[in-house]
Number of protein chains: 2
Amino acid sequence: MFQLDFKDRRPLHEQIKEQVKKLIITGVLQPDERIPSVRELAQMLTVNPNTIQRAYKDLEAEGFIYSIRAKGSFVANRDSTEPHPRREELMRELERNVAELMYLNEPVEQLLETIRAIYKKGGLNE
Amino acid sequence: MFQLDFKDRRPLHEQIKEQVKKLIITGVLQPDERIPSVRELAQMLTVNPNTIQRAYKDLEAEGFIYSIRAKGSFVANRDSTEPHPRREELMRELERNVAELMYLNEPVEQLLETIRAIYKKGGLNE
DNA sequence: CTTCTGTATTATATTAATTAATACAGTTAA
DNA sequence: TTAACTGTATTAATTAATATAATACAGAAG
């Protein structure tokens, strides 16, 4: 379930963060489910515990997990009432990309259809 | 027309690249229009010429400009027949963001409307 | 021939990012 | 209470990225 791809030259903590996030948004990890502790996952992946801590810290800042001292780290509940900290950032990034795609003559209908398809199938592949 | 905001902590060559790209996609710089030479822009911005060269090299790799030895650098023509190298990358990034926004309960209609609005007004603000 | 292009190379200094080794504090269960 | 597990913080060391600098080369234009 947790594994690392060393062909990637991106920082380890980022790779780990993205993989955990993927497990969350694909529903493999459910809200309030416990994820491996910092030291556990560090041993599983043979990396330094601080690398895992960095990934978890970033995931918590983005609102995808929450950590309780001496208890563990858990998947955050997404349907909380407060606004998600990651949301605005995603929207701005999306807008920049759409503007760039428009300049590159990508048809608007193509984009609309892409989005509809993702929502229809309930997320991304793999 | 060319200026830098040093409040940003991102690398200089990246800031320069993004600003030139913005001038291109907003239509301020037109296809086949000449942009400042490496040394000119370096002097204008009081940075090292190598920093400009790095930005231009990246912009060329993404297909936004083209350079001719001893002549100068120019805005690339976007309606060429060959596929734009930046396009697939943008689409994949957009798909990842949409999947994440879907997980965060962003309504699909909101995304569709955002895209329609961008196309309608012909790009992004400022 | 002189001057301007883009491009490439090498070196260096500085800054940022990453990893590592410890220590601390709180919870849980034996 | 003690032992073993949690997350967290701090500091140091190492590694990677960035930016500048000084040259050099090749082609185009006047």
Side-chain angles (χ1 to χ4, degrees), chain A residues 2-21 24 29 31-77 85, chain B residues 2-21 24 29 31-77 85:
Chain A
F2 293 91
Q3 50 187 0
L4 276 188
D5 151 13
F6 284 104
K7 290 166 291 187
D8 206 331
R9 315 100 163 88
R10 288 159 62 208
L12 290 179
H13 65 84
E14 236 177 89
Q15 293 185 45
I16 293 164
K17 171 183 142 190
E18 290 310 317
Q19 287 197 27
V20 174
K21 186 187 285 187
I24 293 175
L29 296 175
D32 293 321
E33 181 177 343
R34 189 171 180 279
I35 63 179
S37 77
V38 168
R39 291 172 181 84
E40 274 174 1
L41 190 51
Q43 195 169 12
M44 288 166 61
L45 302 178
T46 58
V47 299
N48 191 278
N50 291 349
T51 307
I52 307 294
Q53 192 199 338
R54 168 67 183 274
Y56 279 13
K57 184 182 165 194
D58 291 348
L59 280 168
E60 186 164 18
E62 288 189 8
F64 285 95
I65 68 172
Y66 62 95
S67 298
I68 304 179
R69 193 194 202 84
K71 288 202 160 182
S73 300
F74 307 84
V75 177
N77 209 314
Chain B
F2 291 91
Q3 48 186 6
L4 279 187
D5 54 341
F6 287 104
K7 293 164 289 188
D8 207 330
R9 320 96 165 94
R10 289 160 60 207
L12 291 178
H13 65 84
E14 236 176 88
Q15 294 185 46
I16 294 165
K17 171 184 143 191
E18 290 310 317
Q19 288 198 27
V20 174
K21 186 188 286 187
I24 292 175
L29 296 175
D32 294 321
E33 181 177 343
R34 190 171 180 279
I35 63 179
S37 77
V38 167
R39 293 173 181 83
E40 273 174 0
L41 190 51
Q43 195 168 12
M44 288 166 61
L45 303 178
T46 59
V47 299
N48 192 278
N50 292 349
T51 305
I52 306 294
Q53 193 197 337
R54 169 68 184 274
Y56 279 13
K57 185 182 165 194
D58 291 348
L59 280 169
E60 186 164 18
E62 288 189 10
F64 285 96
I65 69 172
Y66 62 95
S67 298
I68 303 179
R69 193 192 202 83
K71 287 201 159 184
S73 300
F74 307 83
V75 177
N77 208 316

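Residue numbers begin at 1 in each chain, while the letters A, B, ... track the order of the sequences.
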Look at the side chain of B:N50 against the base of D:dA19 and say whether a donor-acceptor pair falls under 3.5 Å; ignore hydrogens and angles. no

Nucleotide [N], atom [atom2] - distance to [atom1] of [X] in whole Å:
| X | N | atom1 | atom2 | result |
| --- | --- | --- | --- | --- |
| A:N48 | D:dT8 | CG | C1' | 14 Å |
| B:L45 | D:dT20 | CG | C1' | 15 Å |
| A:I52 | D:dA9 | CD1 | P | 17 Å |
| A:L12 | D:dT14 | CG | C1' | 14 Å |
| B:K17 | D:dA19 | NZ | C1' | 17 Å |
| B:I16 | D:dA19 | CD1 | C1' | 11 Å |
| A:R54 | C:dA21 | CZ | C1' | 18 Å |
| B:R9 | C:dA16 | CZ | C1' | 13 Å |

Can you tell me how far apart [atom1] ([X]) and [atom2] ([Y]) are? Round to the nearest 0.5 Å.
| X | Y | atom1 | atom2 | value |
| --- | --- | --- | --- | --- |
| A:F64 | A:K17 | CZ | NZ | 9.0 Å |
| A:M44 | A:R39 | CE | CZ | 15.5 Å |
| B:S67 | B:I35 | OG | CD1 | 6.5 Å |
| A:I52 | A:L41 | CD1 | CG | 4.0 Å |

Looking only at heavy atoms, what is the nearest atom pair of A:V75 and A:Y66, with distance? O-CE2, 3.3 Å

If you restrict it to nitrogen or oxygen atoms, what contacts under 3.5 Å exist between nucleotides 2-5 of chain C and the protein, and what is each distance?
{"unit_1": "C:dT5", "atom_1": "OP1", "unit_2": "B:S37", "atom_2": "OG", "d": "3.1"}
{"unit_1": "C:dT5", "atom_1": "OP1", "unit_2": "B:E40", "atom_2": "OE2", "d": "3.0"}
{"unit_1": "C:dT5", "atom_1": "O2", "unit_2": "B:A70", "atom_2": "N", "d": "3.2"}

What's the closest nucleotide to the side chain of A:P11 if the choices are D:dT20, C:dT19, C:dT18? C:dT18

For DNA chain C, which residues of residues 58-67 of chain B approach it to below 4.0 angstrom with any heavy atom? B:E60, B:S67

If you measure from the Lys or Arg side-chain nitrogens to the Asp or Glu carboxylate oxygens, is any gap between B:E14 and B:R54 under 4.0 Å? no

5'-most contact on DNA chain C (nearest-nucleotide basis), B:K57 vs A:E14, goes to B:K57

Beyond-backbone contact of B:L45 with B:T51, side-chain heavy atoms, under 4.5 angstrom: no

Heavy-atom count around A:E33 CD within 6.0 Å, excluding the residue itself: above 12? yes

Could I get the full list of side chain to side chain contact (heavy atoms under 4.5 Å, CB included) partners for B:R34, not counting sequence neighbours? B:S37, B:E40, B:F74

